[in-house]
Protein chains: 2
Amino acid sequence: MNERIVDLLKKNHLSITDSRKKILSHFLDSNGALAHADIEHKSGTEFDRVTIYRTLQTFVEKGIIHTIPTTDNSVRYALCKDECSAGHHHDDHVHFMCDECGTTYCLDHVTVPKVELPAGFTATQNDLVVSGLCNKCS
Amino acid sequence: MNERIVDLLKKNHLSITDSRKKILSHFLDSNGALAHADIEHKSGTEFDRVTIYRTLQTFVEKGIIHTIPTTDNSVRYALCKDECSAGHHHDDHVHFMCDECGTTYCLDHVTVPKVELPAGFTATQNDLVVSGLCNKCS
DNA sequence: ATTTCAATGCAACAATGTTGCAAAATTTAT
DNA sequence: ATAAATTTTGCAACATTGTTGCATTGAAAT
């Protein structure tokens, strides 16, 4: 587990620091997506708020995590699949937000169907946000 | 134009006030979606910030406008189609965000294809967020 | 081990959103 | 049309969220 984290950081030419290792492990531990506040609570007073912001920013830039569009417009992050972190070619994501418990799931196996766009519009990324009840709440 | 606004407010049992009329007209004037900040700028110092927040909240509750999930997690609002404002049965939306100019378009005529969900998951709403270049920026 | 460079913590700030309450405006009833 | 009842607004104060500059600390390279 710890090796995987260190590898991920090395591969992206990032210094291996406590905060980065801890924050990455939070993502690996949780099956869902995390908001900044979640990480702040999980970490207690271990790290400065600013450090968490900057770490998340760095991870997004490196393609380790990605932001998720949500219906309640709260900022959430989730681990990228390998293909995503490799380059900066964005790919499509399907996410499920539970209206009851608020958990956000990444449905990686579901493919986003391509949609027809009006003339002159070109798409580089498709995000499908499905909301409803998850398997635990229904 | 003004009649349509008054009708819309009356239909939803809302008092007809300057701020509501003005904010609604901003939505009718713009083809895209608006953020709170957009409305604040368009309105100048005419209304208090709090009034704008509360007006938008009210409109969302009444189903006059809806929030849009965005990739940059900024809160945006757009007018609902009639079917949407009628009841509170959410329906599916397709939105397009231009990476260049940031304009958000509601693509009402595009239908969201249903996706297969894992067992135990039930969907009540599907939002598809497509990003790329709009017809003006490509 | 020492230098070099990157990352952190702190403080201060900016933006965004919320709440309570009195004043003003709108609607309803007389 | 006027007065009472209700809703909406503006103000103030506050809470949350996110950003920036800079000195200090820690990691990496020589």
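Note that the coordinates shown come from a computational prediction; the quantities given were computed from them, not determined experimentally. Throughout, protein chains are lettered first and strands after them, A, B, ... in sequence-line order, and every chain is numbered starting at 1. Hydrogens, waters and symmetry mates are skipped; everything else that's a heavy atom, side chains included, is used.
- Of all nucleotides listed (D:dT9, C:dA7, D:dG18), D:dT9 comes nearest to the side chain of B:Thr51.
- Residue A:Thr58 is out of contact with every strand shown, counting any heavy-atom pair closer than 4.0 Å.
- If you take NE2 of B:His13 and C1' of C:dT26, they are 16 Å apart, rounded to a whole angstrom.
- With hydrogens and angles left out, the side-chain atoms of B:Thr70 and B:Arg76 include no donor and acceptor closer than 3.5 Å.
- In this structure, B:Leu9 atom CG and D:dT8 atom C1' are separated by 13 Å, rounded to whole Å.
- In the interface, the side chain of A:Arg54 is not paired with the base of D:dG18 through any donor and acceptor atom under 3.5 Å apart.
- Contact check, B:Ser19 against D:dT9: a side-chain N or O comes under 4.0 Å of OP1 or OP2.
- B:Val130 and A:Leu128 fall within a single hydrophobic cluster, where Ile, Leu, Val, Met, Phe, Trp and Tyr are joined by side-chain heavy atoms under 4.5 Å apart, directly or via other members.
- Nucleic acid contact class of A:Arg20 (heavy atoms, under 4.0 Å, all strands): sugar-phosphate only.
- Between B:Arg49 atom CZ and D:dT9 atom P the separation is 16 Å, expressed in whole Å.
- In this entry the distance linking CD of A:Gln57 with C1' of C:dA7 reads 13 Å, nearest Å.
- Residue B:Thr55 places its side chain closer to D:dT9 than to any other of D:dG18, D:dT9, D:dA27.
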With a 3.5 Å cut-off and sequence neighbours excluded, list the donor-acceptor pairs that the side chains of residues 34-42 of chain A form with protein atoms.
from: A:His36; atom 1: NE2; to: A:Glu40; atom 2: OE1; distance (Å): 2.9
from: A:Asp38; atom 1: OD2; to: A:Ala35; atom 2: N; distance (Å): 2.8
from: A:His41; atom 1: ND1; to: A:Ala37; atom 2: O; distance (Å): 3.2

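- Surrounding NZ of B:Lys10 are at most 12 heavy atoms belonging to other residues, nucleotides or ligands under 6.0 Å away.
- Distances were taken from every side-chain heavy atom of B:Val50 (C-beta onward) to each of C:dT26, D:dA12, D:dT19; the shortest belongs to D:dA12.
- In this structure, the CD1 atom of B:Ile16 is 10 Å from the C1' atom of C:dT27, given to the nearest Å.
- At least one donor-acceptor pair closer than 3.5 Å links the side chain of B:Thr58 to the backbone N or O of B:Arg54.
- For B:Phe121 and A:Tyr105, the ring centers sit closer than 6.0 Å to each other.
- Within residues 35-42 of chain A, no residue has any heavy atom closer than 4.0 Å to DNA chain C.
- Positionally, the nearest nucleotide of DNA chain D for B:Phe47 lies more toward the 5' end than for the other of A:Asp18 and B:Phe47.
- Residue B:Glu100 qualifies as open at atom CD: its count of foreign heavy atoms under 6.0 Å is 12 or below.
- In this structure, the CD atom of A:Glu46 is 9 Å from the P atom of C:dG9, given to the nearest Å.
- Atom NZ of A:Lys21 and atom P of C:dT8 are 12 Å apart (whole Å).
- Atoms OH (B:Tyr53) and C1' (D:dT9) sit 16 Å apart, rounded to a whole Å.
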